[in-house]
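These notes are about the structure you will find just below.
Everything quoted here is computed from the prediction, not taken from an experiment. All heavy atoms count here, side chains included; hydrogens, waters and symmetry mates do not.
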Amino acid sequence: MMRGGLHIGRIFGIGIEVDWSWFFIFLLVTWNLAIGFAQLHPAWGAGIRWSLAALAALLFFASVLAHELAHSLVAKLQGIPVRNITLFLFGGVSNIQREPPSPRAEFLITIVGPLTSIVLGLLISWLAALSVGQQAINVTNPMAVASQLTPTATILLWLGSINIILGLFNLIPGFPLDGGRILRSILWAGTDNLRQATRWASWVGQTIAWLLIIAGIAMVFGAQIPFFGTGFIGGIWLAFIGWFLSSASNQSYQQVVVHDILADVPVARLMRKDAPTVPANESIADVVHNHIMGTDDHAFPVMEDDQLVGLITLDDIRKVARGEWETTSVRAVMTPRDRLIVAPPEEDAADALTMLAQRDIRQVPVVDHGHLVGVLRRRDIIRWLQLHTEETFGDGVHPVAS
C-alpha cells in the first residue's frame, strides 16, 4: 500500500488521494503534450500550448479517476468497503479493503472499469468528430486535418483516443491489471479455489510482465516493437511498467496466501494477554526507565482505574524534549481512547492485519465489552505466518506485513 500524499476530497463517501509520484507523471504527460502540440500547431503560442497540455493532462487523470470510481462504487454495492482511491505514477488504484466474496462479484467489480474508460473514450471521440465537422471527413491526409483542429477539438480527439487505449490496455490478462482479475474470476469460478486461481493468474501476469520488460529493453537498443514503437525513453518506461506489474502480481498472490492462513483465526489466539500497561499520571521518565528499557515493546496501553484511557508509543515519547520527561505525564502525550483503533478478540486476524497495514501502526489494543484483554502486535501476526506458511502451503511464499 502506498503511503503519503495529498487528500483532495471525497466522492460518494470515498476519499480521493494524490500520491506524490503523481506530480511527476502529470508533469511528464504535460511536457509530452506540449511538445506534440508545438509540432502539430506551430502557430500556437507557448502559453496556449502549455495551458492546453496541462488541461488535457488534468482531464486525462479525471478519466482515470472515473475508471477507479466505477470499480469502487460497484465494490460498495457488493458490500465491500472502499477506503480511498489514490492517483499515482502508474495511474490510479482503488483501495478495496478485502477480496470479493465470489467470482461473480470480482467480475462485476473489475469489468466496469475498462468499460467506463472505453465508453467515455467513444463518447469524447464522438464529441471530437462533431467539433471537427463534416468537411474534414473526406480529407485523405489525417495530419493535415489534425493541424487545422481547434484547441477544443485537439484536446477532445486526444482524450477520446487515450481513454479507449486505457480501457483496452487494462484488459490485458496480466494480473493484477483488470484483465488479470477478470481471468482470475473465471479461474476462480472453475476451480472454486481463490488461492489456486490467484496463483495461476499471477503466473500469467508474471509472464506478461517479463514480455514487457524484454520488449522495453529491445526498444532501448533500437528494436521496433509493434504498437509501442522504438526509442530509449519509451523502452525504459515500458520496462519499468513490466517491473511494476511483476512486483504487483507477486505481492497480490502473497496477500491472498496470507489471508488464507489467517482466515478464521481469532485475534484472541494471537494477542499478547500479559501486555504491560502504564498509569495515566506516570511521568515520561518513569515510563522510559521502568517499562521501555526493560522490554522490547514499542507501545503501552494507558490505564486509569482499570479502564483503558489511551495508548503511548515510542514515537509519542520522542516528541518530548529530554529535559521535560520528569515533568510531563503520560496523559499529556498519549493517544486518547476516543482516537484509538481497537480490535475485538473474536475478529479475524486477517482483518486485523489489514487494519494494521492500512493505518501504518504496529499494534492495536484488544478490547472486549470495554475492557482491555490484550494487545495484538504486528510481530505476533508475522510470527504466526512464519510458523504456518510452509507447513500449510509448502510453496515458498514469504509472509508480508503490508
Tell me, yes or no, whether the heavy-atom count around Asp274 atom CG, taken from other residues, nucleotides or ligands under 6.0 Å, exceeds 12.
-> yes
If you count the non-hydrogen atoms of other residues, nucleotides and ligands that lie under 6.0 Å from CZ in Arg104, is the total more than 12?
-> no
Tell me, yes or no, whether the heavy-atom count around Arg272 atom CZ, taken from other residues, nucleotides or ligands under 6.0 Å, exceeds 12.
-> yes
Heavy-atom side-chain proximity of Leu262 to Leu353 below 4.5 angstrom = yes
pair Ile381-Trp384: side-chain heavy atoms closer than 4.5 Å = no
Considering all heavy atoms of both residues, which atom of Ala218 and which atom of Ile225 are nearest to each other, and what is their separation?
-> CB-CD1, 4.3 Å
Steps toward side chain to side chain contact (heavy atoms under 4.5 Å, CB included) verdict (Arg98, His259) = CA-CA 9 Å; Arg98 63 171 180 263; His259 187 276; 5.6 Å; no
Does Lys273 reach the main-chain N or O of Val375 with its side chain, forming a donor-acceptor pair under 3.5 Å?
-> no
Side-chain contact test, heavy atoms from C-beta onward, threshold under 4.5 Å: evaluate it for Thr277 versus Val302 and give yes or no.
-> no
Between Ser246 (side chain) and Gly242 (backbone), is there a donor-acceptor pair under 3.5 Å?
-> no
May I ask you to test the Ile164-Ser117 pair for a side-chain heavy-atom distance under 4.5 Å?
-> no
Any side-chain heavy-atom pair of Leu89 and Trp20 under 4.5 Å = no
Looking only at heavy atoms, the pair that brings Leu238 and Gly216 closest together is CD2-N, 3.8 Å
Give the intermediate values and the outcome of side chain to side chain contact (heavy atoms under 4.5 Å, CB included) for residues Leu212 and Phe244.
-> CA-CA 10 Å; Leu212 292 176; Phe244 175 80; over 6 Å; no
When rounded to the nearest 0.5 angstrom, what is the spacing between CG in Leu33 and CH2 in Trp50?
-> 9.5 Å
Dump the intermediate steps for side chain to side chain contact (heavy atoms under 4.5 Å, CB included) on Thr110 and Ser185, then the final yes or no.
-> CA-CA 9 Å; Thr110 305; Ser185 71; over 6 Å; no
Centroid-centroid under 6.0 Å between Phe61 and Trp22 rings = yes
Give a yes or no on whether the backbone of Val287 and the side-chain of Asn290 come within a donor-acceptor separation of less than 3.5 Å.
-> no
Do Glu326 and Ser283 have side-chain atoms, one donor and one acceptor, less than 3.5 Å apart?
-> no
Least distance between heavy atoms, Val367 atom then Pro345 atom | O-CD, 3.5 Å
Atom pair OG (Ser94) and CD1 (Ile14), whose distance is rounded to the nearest 0.5 Å = 7.5 Å
Does a sphere of radius 6.0 Å around CH2 in Trp203 hold more than 12 heavy atoms from other residues, nucleotides or ligands, not counting ones at 6.0 Å or beyond?
-> yes
Can you measure from CH2 (Trp188) to OG (Ser102) and round to the nearest 0.5 angstrom?
-> 6.0 Å
Tell me yes or no: between the side chains of Asn163 and His67, is some donor less than 3.5 Å from an acceptor?
-> no
Run the salt-bridge test on Arg181 and Asp178 with the 4.0 Å N-O cut-off and return the result as yes or no.
-> no
Does Thr230 use its side chain to pair, donor to acceptor, with the backbone of Ala223 at less than 3.5 Å?
-> yes
Can any side-chain N or O of Arg10 pair as donor or acceptor with the backbone N or O of Gly13 at less than 3.5 Å?
-> yes
Do Arg331 and Glu282 sit within salt-bridge range, that is, some charged N less than 4.0 Å from a carboxylate O?
-> no
Donor-acceptor pair, side chain of Trp158 and main chain of Ala56, under 3.5 angstrom | no
Would you check if Arg184 and Pro103 make a side-chain contact, meaning some heavy-atom pair closer than 4.5 Å?
-> no
Out of curiosity, Leu166 CG to Leu120 CG, how far, rounded to the nearest 0.5 Å?
-> 9.5 Å
More than 12 heavy atoms of other residues, nucleotides or ligands under 6.0 Å from CZ of Phe23: is that the case?
-> yes
Side chain to side chain contact (heavy atoms under 4.5 Å, CB included) assessment of Leu245 paired with Phe175 = CA-CA 8 Å; Leu245 179 60; Phe175 188 80; over 6 Å; no
Do the non-hydrogen side-chain atoms of Leu52 and Trp44 ever get within less than 4.5 Å of each other?
-> yes
For the side chain of His71 and the backbone of Ile109, is there at least one donor-acceptor N/O pair under 3.5 Å apart?
-> yes
Pairwise distance CD(Glu106) to CD(Glu99) - rounded to 0.5 angstrom = 6.5 Å
Return the minimal non-hydrogen interatomic distance between Val267 and Ala352, and the atom names on each side.
-> CG2-CB, 3.9 Å
Does the side chain of Thr354 come under 3.5 Å of the side chain of Asp351 through a donor N or O and an acceptor N or O?
-> no
Would you say the side chains of Ser21 and Asp19 form a donor-acceptor pair under 3.5 Å?
-> yes
Taking the side chain as every heavy atom from C-beta outward, state whether Ser72 and Arg83 have any pair of such atoms under 4.5 Å apart.
-> no
Gap separating the CZ atom of Arg195 from the OH atom of Tyr253, nearest 0.5 angstrom = 4.5 Å
Mark yes or no for whether Asn250, through its side chain, and Ser247, through its backbone, hold a donor-acceptor pair below 3.5 Å.
-> no
